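It should be emphasised that the depicted structure is a prediction, and the values quoted were computed from it without experimental measurement. Below, read A as the first sequence line, B as the second, and so on, with proteins coming before strands; counting in each chain starts at 1.
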Amino acid sequence: MGNNKYLDCKEIIATLFVTEVKMVGLDQDEIYALLEYPPDEKLGDLALPCFKFSKIFKKPPHVIAEEFQAKIASSPYIQEAIAIGPYLNFRFAPNKLAETVLKKILTTRERYGAQNIGNGRNIVIDYSAPNIAKPFHVGHLSSTVIGNSLYKLFTFLGYNCVGVNHLGDWGTQFGKLITAYNKWGSKLAVEEGLIQELMRLYVKFHEEAEKDPVLEDEAREWFNKIENGNQEAMELWKWFKEISLEEFQKVYEILDITFDSTAGESFYNDKIEAVVNELKEKNLLEESKGASIVNLDQYGMPPCLILKKDGSSLYATRDIAAALYRKKTYNFTKNLYVTGIAQSLHFQQWFKVVELMGYEWAKDLIHIPFGWVNLEGEKLSTRKGKVVLLEDLLETTIKRTLEIINEKNPGLVGKEEIAKEVGVGAVIFGALSVNRIKDVTFSWEEALNFDGETGPYLQYTHARACSILRKVAFEPDSNLDFEPKRLDDQAALKVVKTLYLFPEKIVAASNEYEPSIISRYLISLAQDFNGFYHECQVLVEDKALQQARLVLVYAVKTTLAVGLGLLGIKAPERM
RNA sequence: GCGUCUGUAGCUCAGGGGAUAGAGCAACGGACUUCUAAUCCGUAGGUCGUAGGUUCGAUUCCUACCAGACGCGCCA
């Protein structure tokens, strides 16, 4: 736990045991790990289950809890310790907690929760990575927004992040596209239809290839030509790529997501040979059925395909080349790959190959998998043209938001921009609110519902808080005078305790590469705040009371904005 | 066949060795002349997939099974 610059009550209690209780049989770290938040707040704010001590001292846990209680004196942050059955429950000193947490927020503001855990080390985050010549659809949303959130999160924790959009701009799909273009397409049609036309050709290819498998061979030949720099093939490839990139850029602009590098698969084309040679030198490469592979039998995995029988590369080859390049270029402490769970085996395989090549940093290659997106009962399929385009989804949610604004707040200035922030926020939050690994079913009804645990709910709560602060022109100031003891309502105290948890939550989110931990935290913060909002009037006659509550409102507003920012969601001041 | 992931309220999901299993949606009943009702309060709703095992204690860990999703050589 070390030197946490944020208030850490668990650490305080663990220290208390070492310095005051002594002779407890467990060290500070063990006690720290044992401390948990009780299921019901009435019981206390933190609890130490005493079962483990029972074994050490051969006494019933409730007796131990009582003995501990007798030895624990109150300290500035811990008001009391009460033994309840086999638990020793601690109650925070509410005034001290409120004072410490709120002053911290007044001082750090939009940096509340930030830490220098990374110490400037580099993390490469590989995310989004759409395939060129395929439309950007809801299936690409997860990678894009999870990666973006991790980028912001690790930056907030002191790492230097390198966001890489590893474009799928290489591979047999281009052979397929060129084959389809030559057979059923035309220059004019592509110029007019752009990515829609490319998608039509791609779908057409798969329809026809089912009837006539020879097309697959033709496609492979075309890809081979691209790899060998055939001029006709290269020109078409470049053209298709440009069309796609423009389309993707529109979506990234709406989402406000940027990358530090867009070195895609094609970028590594000239780095493949060196990898293959290195594999050969290290005696890892074998011939099998005409292809070149790395055998992984002894690791319980199928072989990793390095070269096809026609000598062209595969995605594992390019991934290895990319990893070597990135290590050399960025000297990363971690390289995260945000892709679907379907690719788990692929990553395990080539991570192992890198390890077998003798690179100890293979352990720093981390796959961050996420579940599938389905379309209400049906599977998403680019090949069958069965997709919801991300651009359509975003435009629809923005439109819907505008309708709601016109209904609820018609006089709002800057409606268009706010509708965009809220509509896009709804989509991003929807993708980040549940555990990465879960499969999700896309539903328009859910996507357009802005009630309850949604992005707009968080933004609305933020806008409400802003509204109060605006009415009195509240200015944050680290020397601001306020009386924490005035925040003695249950609802206000609950908010303070939840604010206290924020730094702990974002560290947990980074440890698990799980933005949904932040999402859920923000929902609980907003729920607590809205409870407070209904129960306690902020703008009141009693100026000291008002001041204390204003500080609380400011703290909530700030924490919500910081948290939303880490998710890649805007926090408008009015809506 | 082998492997991975998932199974908790009608639906979508939290929780993840410990004290009576929590939210939201949908349903029903309340609260706007008062800081934005995209809100809040209340009611109802669960043999935590099934069976064993480990443990003082299992919804949580282990094993088997069931169900669903996915992956297993020249697609990415």
**Q** Give one of base, sugar-phosphate or nothing for A:V538, where a contact means two heavy atoms less than 4.0 Å apart.
**A** base
**Q** Under 4.0 Å, counting only non-hydrogen atoms across every strand here, what does A:P369 touch: a base, just sugar-phosphate, or nothing?
**A** nothing
**Q** Just checking A:N435: base, sugar-phosphate only, or nothing, at a heavy-atom cut-off of under 4.0 Å?
**A** sugar-phosphate
**Q** In terms of base orientation, is B:G10 syn or anti, with the syn window spanning 90° either side of 0?
**A** anti
**Q** Check every strand shown and say whether A:I405 touches a base, only sugar-phosphate, or nothing at a heavy-atom separation below 4.0 Å.
**A** base
**Q** Which is true for A:I293 with a 4.0 Å heavy-atom rule: it touches a base, it touches only sugar-phosphate, or it touches nothing?
**A**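 Base, at least one base heavy atom under 4.0 Å.
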**Q** Contact class for A:P302 (heavy atom, under 4.0 Å): base, sugar-phosphate, or nothing?
**A**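 Result for A:P302 = sugar-phosphate.
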**Q** Is the shortest side-chain N/O distance from A:K408 to OP1 or OP2 of B:A38 below 4.0 Å?
**A** yes
**Q** Heavy atoms only, 4.0 Å cut-off, all strands: where does A:Y457 land among base, sugar-phosphate and nothing?
**A** sugar-phosphate
**Q** Quick one: does A:Y315 reach the base of B:A76 with a side-chain donor-acceptor pair under 3.5 Å?
**A** yes
**Q** Pick base, sugar-phosphate or nothing for A:N89, based on heavy-atom distances below 4.0 Å to the nucleic acid.
**A**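 Contact class for A:N89: base.
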**Q** Counting N and O atoms only, with roles assigned by atom type, does the side chain of A:D169 sit under 3.5 Å from a partner on the main chain of A:I132, one being a donor and the other an acceptor?
**A** no
**Q** Does A:S288 make a side-chain donor-acceptor contact with the base of B:G73, cut-off 3.5 Å?
**A** yes
**Q** At under 4.0 Å between heavy atoms, what does A:Q173 touch on the DNA or RNA strands: base, sugar-phosphate, or nothing?
**A** sugar-phosphate
**Q** Under 4.0 Å, counting only non-hydrogen atoms across every strand here, what does A:A342 touch: a base, just sugar-phosphate, or nothing?
**A** sugar-phosphate
**Q** Any base atoms under 4.0 Å from A:V540, or only sugar-phosphate, or nothing? Heavy atoms, all strands.
**A** nothing
**Q** Nearest whole angstrom, please: distance from the P of B:C70 to the CZ of A:F370.
**A** 15 Å
**Q** Among A:L296, A:I293, A:D297, A:L345, whose side-chain contact (heavy atoms from CB on, under 4.5 Å) with A:P302 holds?
**A** A:L345
**Q** Base of B:C28 relative to its sugar, syn (within 90° of 0) or anti?
**A** anti
**Q** Tell me, with the steps shown, if A:R549 and A:D489 meet salt bridge (charged side-chain N to carboxylate O under 4.0 Å, His left out).
**A** CA-CA 10 Å; A:R549 287 181 173 171; A:D489 307 84; 3.0 Å; yes
**Q** Under 4.0 angstrom, heavy atoms only, what part of the nucleic acid is A:G171 near: base, sugar-phosphate, or nothing?
**A** sugar-phosphate
**Q** With sugar-phosphate meaning primed atoms plus P, OP1 and OP2, does A:L539 contact a base, only sugar-phosphate, or nothing at under 4.0 Å between heavy atoms?
**A**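 Here A:L539 touches the bases of the nucleic acid.
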**Q** So, is A:R318 near the phosphate of B:A76, with a side-chain N or O under 4.0 Å from OP1 or OP2?
**A** yes
**Q** Need one value for A:E216: base, sugar-phosphate or nothing, where a base atom within 4.0 Å counts as base even if backbone is also close, heavy atoms only.
**A** nothing
